[in-house]
Structure formats: C-alpha cells, structure tokens
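This report refers to the structure that appears directly beneath it.
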Amino acid sequence: MSESNDAADTFISVAHVASELFKAQSIAEELSITSKNARALAVRAGSTAAGFNEITRFIEGLSKLTIDAARSVNTIAISQTKIASDLFRSQSFVSKLDKVDYEPVKGHVNELAPIYDEVNQARSQLERKIRISLRELVDRLDETKMELRATQVVSVVSRVEASRAHEDFQNSLNSVADKVSSAGQRINSHLERARRHLAHLRT
Amino acid sequence: MKAISIFQKGSHQWLCFGRDPDKPEKIIDTNQYMVTNGESSIILDPGGVELFSQMLTSVLRYTTLDNIKALFSSHQDPDIISSLGLWDQCLKNSKLYSPWLWESFIRHFGMSNIEFEAIPDEGSEIQLGNIVLQFVPAHYLHSSGNMHVYDKEAKILMSGDVGAALDEVSAPFYVEDFEAHIPKMEYFHRRWMPSNKAKEEWINRVRKLDIEIIAPQHGGIFKNDMVGKFLDWFERLDVGIATNK
C-alpha cells in the first residue's frame, strides 16, 4: 500500500460512506416510527403487553443511536471531503509544478523551491488530518455496528413479549418484532458497505 | 508555449504568451499577456488550468514570482482564469483584478492567498510601477461583466474576446492580411457577442483612445492600420445571431 491515500479516491470513498449512512438514517427514522406505533399498541394491549412498553423505549434508543451516528459520520465525511479536496488540489498543483521547465540562473534564488517546501508541508498536514479523520470514521462505524447487534436481541425479546400479550395484539406485536429485525439487518448491511468503502484506505 | 514582446521601452514591457504547440488538442488556444514596469508585473487573463505549467515556465523566464503583483481576469470564463487556484499557491502577495460581478463565481476556482480587487462597472485604474493601466468597461462583450485593459504609454488595448479569432496554433502572432482574417473571427463575434448596442458603446469609447495595438485573448494581434480596419469591420457587424426557434 502506498504511503498516502490518493485524495480523489479518498473523497469518493467518503462520499460513498456518507451516502450509505444517509440510507441507514432513513431506515432508523422508519424504526423510530415503528417504535412509536409499538408504544401505542402496547398501551392498547394493556397489562399483558407491559414488557413491550419497555422494549419500545429500547427500540427508540437504537433508532436514535443510528440517527446520531449517521449525523456524526456525515459531519466527519463533510470535513473529510473538504480536506481530501484540498489535498487533491495540492496534489494536482504539485503535478503541474513538476512539469514547469525551470532552471534557476546561477547565483539566483530557486523560485520554486520554497513553493515545493510549502506545498509539501501542507500536503503532509492534510494527509495526517485525513488519516486521523478516517480512523475516527472507521471507529464510529464499528461502534455503531456493535451497538446495533442489540436489534436482534430486541427482536427475539419482542417475540417473547408478543406471545404473552392478548391474542388480538399478538400479530401486530410480532410484526413490530419483524420490522425491528429487518431494520437492524438493513442498517447493518449499509454500515458494512460503508466500512468496505474505507477498507482500502490507509488510516 | 511561445512568447513575444509586443512593446518594450526601458523597463516597460508587454509580453504575449501563446501558440502553445503542446496544448491539449481540444482546448482553445489563448493569448496570455504580461505587462511589466520596473519590478512590477501583472498577468492579464492568465489562462486555464491546463496551461498553467507552460505559463509558469514562460513567466519565470522574464520575471520572479515576487514581482508578480497582480493578475487580471477580463471575465469569468475557464480559459481566462481557471488556473487561479494554482497561481494562488505560487503568489503570496498578489491581487486579482476582475469585474465585481464575478467575485463569488471566480472564487470557485480556489483563492485563499490572492486578494480579490473588484473593478466597478465604470472601470478603474491600477498603478504598475511607474505606469497606470486603465480597466475599460466592455460589458456584454461577451460577458455581462467584462473589462479590457488600456495602457496609455504603450498605446495597447488588451481586448479580451473582442477581436478574437479561432486560428491555428501555427498562425503568426500578428494579423497580416485582414481580409483573410475575417473568416476566422466572424462567426465568433456574431455568435459570442450578444448585443449590438453594447458593441456600439464599446466602439465609441475605444475610438477616443490612442491605440496602436489591439491585443485579443485568442488569435492574431491587430497592429497599426489593422486596428482601424478591425474597428470598422466590427462596427458594421451584426452580432447576437442565435435564436431560440
């Protein structure tokens, strides 16, 4: 793997990550609605679905967690894209500078040397910033993914609670469990895709 | 990229850079000008991003980066000023003079070191060493905010796209045969220039100036009697031909 990431490749990858997280956020928003509907259902189902009420709070928490993660990833992605595009500009600049056919006159200052120094210094700083920011992005994705593992547990517990509820409500409560499970899987698959987009980048 | 001196008197010089044989094929050939007086230089319409390396190569043969005090962009087109983001990384104490209308657009090319100096609609002046350059309004020729540069000492009008011709890279720097030159510029002017009224105002303004050279951003430069021939031809030309039918 090369010393540094290609700037264009980085901002394209990060843009993909932001797009995956945006999709995950939409699913999490659906999950939030599911949770609110489930709470109303639990109230109607009365004491037999009391346990479900607690679960809805947990679902709401998961949904909020995903939405927060998506927002924070988005913030990181925007700043990452800015840094990467600055890096792209400075890489393009160096490649243009490399083509300048210039030989300083003997005894005169090399006009390009300080520009090279400055741009190389700026490049190193940007590359360092990108690596830090990428690490932060990867950690945030991994953390969210870990926390979302709970959705499968919530789904199983929801089914157990549904089976205890009055039979008039069982189907609806099971459907909530299905939605939680499906949402969890879909969010997870977006997080995995997002993670894959970053896999080839050096952090 | 070739370079010629179109005016020289002491340390006062006008250089034209262009006719670049190495330019990418589908990119229009452009003339870039550098005016120097003493230790101060200004680059007029420094060109597009694709020509930056050749331009910097050429410029450094005649001046130092510290001496480039300013850039000028007649309007906002990419062939005029898309290299700005690259110049911005070379020039630490320089200014960009351009019509005020385009500041927020031109900044998209990247500008963090160079300072933007807005030229008002009525034009303005800049002191370059011991000489004064005038920014002459040329709105709607073709851009809605457009300026030309007049050097009273050198009697040169840098006329942006007015007088532009789509010519071969091998063409001479100066227009030698006006009649033969017309087909190279007629469609350009009729199509790119949107307003006969703007054209007439510009001709009236320019006829009051003492001009020996009209230096456009594309194609041949008009010198001596070619200046009058061009102005007469342009005056007669009906511009703004495109229709939406």
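Residue numbers begin at 1 in each chain, while the letters A, B, ... track the order of the sequences.
- Using the six-membered ring where Trp is involved, A:F93 and B:F52 have ring planes that are tilted, between 30° and 60° apart.
- Using a 4.0 Å cut-off between a side-chain N of Lys or Arg and a carboxylate O of Asp or Glu, A:E143 and A:R140 qualify as a salt bridge.
- Neither the backbone nor the side chain of B:Q54 comes within less than 4.5 Å of any heavy atom in chain A.
- With chain B as the partner, the residue from A:H108, A:K99, A:E103 showing the most heavy-atom pairs under 4.5 Å is A:K99.
- Checked for salt-bridge contact, A:R186 and A:E30 meet the test: a charged N lies under 4.0 Å from a carboxylate O.
- Checking B:L56, B:N113, B:L60, B:I114 one by one against B:C90, the side-chain contact (heavy atoms from CB on, under 4.5 Å) holds for a single residue, B:L56.
- Note on B:D66, B:T64, B:V49: by heavy-atom pairs under 4.5 Å with chain A, the leading option is B:T64.
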